[in-house]
Student: 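Dumping the structure here so I can ask a few things about it.
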Amino acid sequence: MEATYIRRKNDGRINIRSGNKVDQVVRWTLILLTILTIVAFIFFNYAGLDLGSAITETANNLKVMFLEPALSHFNWGEATYQVGVTLGLAFLATIIGAIIAFFLSLMAATNLSNVWVSRIVRVFVAIIRAVPTVLWVLIFAIAAGLGSEAAILGMLFHSIAYLVKAFSEAFEEVDKGIFEALQATGANWWHIVKSGVLPSTFTYLLSWVFLRFEINFGVAVAMGAAAGAGGIGFDLFMASSFYFDLREVGFITYAILIIAFILEGFSTRLKSRYFPATSD
Amino acid sequence: MSLLKVEGLGKSYTSDIKILKNINFEIKAGEFVSIIGPSGAGKSTMLRCMNRMVEFNEGKIIFNNNDVGSLNKKELRKLRTSIGMVFQHYNLVPRLTVIENVLHGRFGYKTTMQGILGRYTEEEKERAFYLLEKLGIHEHAYKRCDQLSGGQQQRVGICRALIQEPKLVLCDEPIASLDPSSSKIIMDHLKSISTEMGITCLVNLHQVEVAQNYSDRIIGLNKGEIVFSGTSSELSEEQINKIYGTETKDLIMA
């Protein structure tokens, strides 16, 4: 007699998937998206479109943008300064956010806080996270006016929400035994945080902060354009929508790309130096 | 004069299941007492009631003339400074150095600020090195704890307990994760703590023979009740059967 716990397909072959709902949902989502894509292409308005010239023009634009980058409305010094402004926006939002998030996440971690405080902080933070950064910036612009203040406040708000979640999850990973041992010595809550929780999670916190800094740099570029926060993002906005200067757009894109690469390289090095899996 | 006196101790997490039932015993200063019993008998819970890492529901614990059950938060912190604790999994902070981990034992004496800034007096540091030397791990003082072997880590754990200047050390299966030779080193150290330093030791053990070799007295626990209490020579085969609820021949004797 065959064991009943072996699941077989209709043709008698043994099934190795558990056959849960997730698989089905994923499959149906993919099918639906494919159908929607095809339908959308059928209903596009193709009037006045010459596919041949569209493609060559686009290629030409891209060529001008990326192969002949040049500055016309400002010089190298100005460009560097504006990149610095954007970096500054991201930096301020990240650092202030990280400090506030640290204390909030102590309240949000279930093993460090009481159930109700932790729940309240979590719900609060989830609501903040649900609203996109740009919206927060525009909300703060009502009080602070469009500009760097509103941009930093908005980015700060979202950074806090993001980091509280990341930090508190890192705190919850701390071995329960460490808490027990420190409590048994008569240590109080702050002692445990400083000597048990922080040393065990510091590298995680650092790498989260760095990740957020990279995100904030990208957001700061967008904020320069959308909220008048200044920096390289504003120049990008001017070059593309006011001067239609493709060469300058190309230059600015390269500048942003280089900064992004530097940040990425820097954070990778930091991680390999301080991250637990790679260090001893 | 007893250091620790337990009267009618009872503990339950839910209303229908009692983890501990009517536990009574007394321990004199400087005694080495082992608690043996099968897994789930309530050994760990009982040990943690002594410094209220676990809150108990019934009965009374008198430690050093203090009623443990009635202490407020501040008094409880003070009580815990005089009770050291050693764990099966050592429970050190792995990313910190040995000496830092040992000095954690002084937190009970520190204000919040002193603790956060990591202010330790020179005497405390001297004492930490003295203890490390006594347990033979002074050469590892500046190594991170996760670089040490299990036996070495447990010795750091013992140092952390001793630097509290405790009157009582609670050991929760201190050798359960160690190999036989490390186990012997740890048990010898614990024994010398009670004989040389006069510190009382209350030790949970899984190994009956180890308990017999080292203890002044053995307490046998089964299903939350004390079923045996006496010296190691009084622990007969029959008594062991009663504690573990099986025949001795079915037990691995170390």
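First the proteins, then the strands, lettered A, B, ... as listed; each starts at 1.
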Student: Who among B:Lys78, B:Arg160, B:His89 has the most heavy-atom pairs with chain A under 4.5 Å?
Tutor: B:Arg160
Student: Give a yes or no on this: more than 12 heavy atoms of other residues, nucleotides or ligands lie within 6.0 Å of atom CZ of B:Phe129.
Tutor: yes
Student: Between B:Phe107 and A:His191, which heavy-atom pair has the shortest distance, and what is it?
Tutor: O-CE1, 3.5 Å
Student: So what's closer than 4.5 Å to chain A heavy atoms on B:Leu92: side chain, backbone, both or neither?
Tutor: backbone
Student: Looking only at heavy atoms, what is the nearest atom pair of A:Ser195 and B:Val93, with distance?
Tutor: O-CG2, 3.6 Å
Student: Quick one: CZ on B:Arg95 to CD1 on A:Ile178, what's the gap to the nearest 0.5 Å?
Tutor: 9.5 Å
Student: To the nearest 0.5 Å, tell me how far B:Asn91 CG sits from A:Lys176 NZ.
Tutor: 11.0 Å
Student: Where on B:Arg106 is there a heavy atom nearer than 4.5 Å to chain A: the side chain, the backbone, both, or neither?
Tutor: neither
Student: Inspect the surroundings of CH2 in A:Trp208 and state if more than 12 heavy atoms from other residues, nucleotides or ligands are less than 6.0 Å away.
Tutor: no
Student: Of the backbone (N, CA, C, O) and the side chain (C-beta and beyond), which part of B:Lys73 lies under 4.5 Å from a heavy atom of chain A, both, or neither?
Tutor: neither
Student: How far apart are the closest heavy atoms of B:Arg77 and A:Asn188, and which atoms are they?
Tutor: NH1-ND2, 3.5 Å
Student: If you count every heavy atom of other residues, nucleotides or ligands that lies below 6.0 Å from A:Lys194 atom NZ, does the total exceed 12?
Tutor: yes
Student: With a cut-off of 6.0 Å (strictly less than), are more than 12 heavy atoms of other residues, nucleotides or ligands near NZ of B:Lys60?
Tutor: no
Student: In Å, rounded to the nearest 0.5 Å, how long is the span from CD of A:Gln183 to CG of B:Leu76?
Tutor: 9.0 Å
Student: Counting neighbours of OH on B:Tyr120 that are heavy atoms of other residues, nucleotides or ligands and sit closer than 6.0 Å, is the number greater than 12?
Tutor: yes
Student: Among B:Met53, B:Met113, B:Lys110, which residue forms the greatest number of heavy-atom pairs with chain A at distances under 4.5 Å?
Tutor: B:Met53
Student: Give, as side chain, backbone, both or neither, the part of A:Leu182 having an atom under 4.5 angstrom from any heavy atom of chain B.
Tutor: side chain
Student: Taking atom CZ of A:Phe202 as the centre, does the number of heavy atoms from other residues, nucleotides or ligands within less than 6.0 Å exceed 12?
Tutor: no
Student: Hey, what do you get for CH2 (A:Trp190) to CD1 (B:Ile116), rounding to the nearest 0.5 Å?
Tutor: 6.0 Å
Student: When you measure from the side chain of B:Arg80 to the backbone N and O of A:Thr185, does any donor-acceptor pair fall under 3.5 Å?
Tutor: no
Student: So what's closer than 4.5 Å to chain A heavy atoms on B:His104: side chain, backbone, both or neither?
Tutor: both
Student: Is B:Arg48 close to chain A through its backbone or its side chain, or both, or neither, when contacts mean heavy atoms under 4.5 Å?
Tutor: side chain
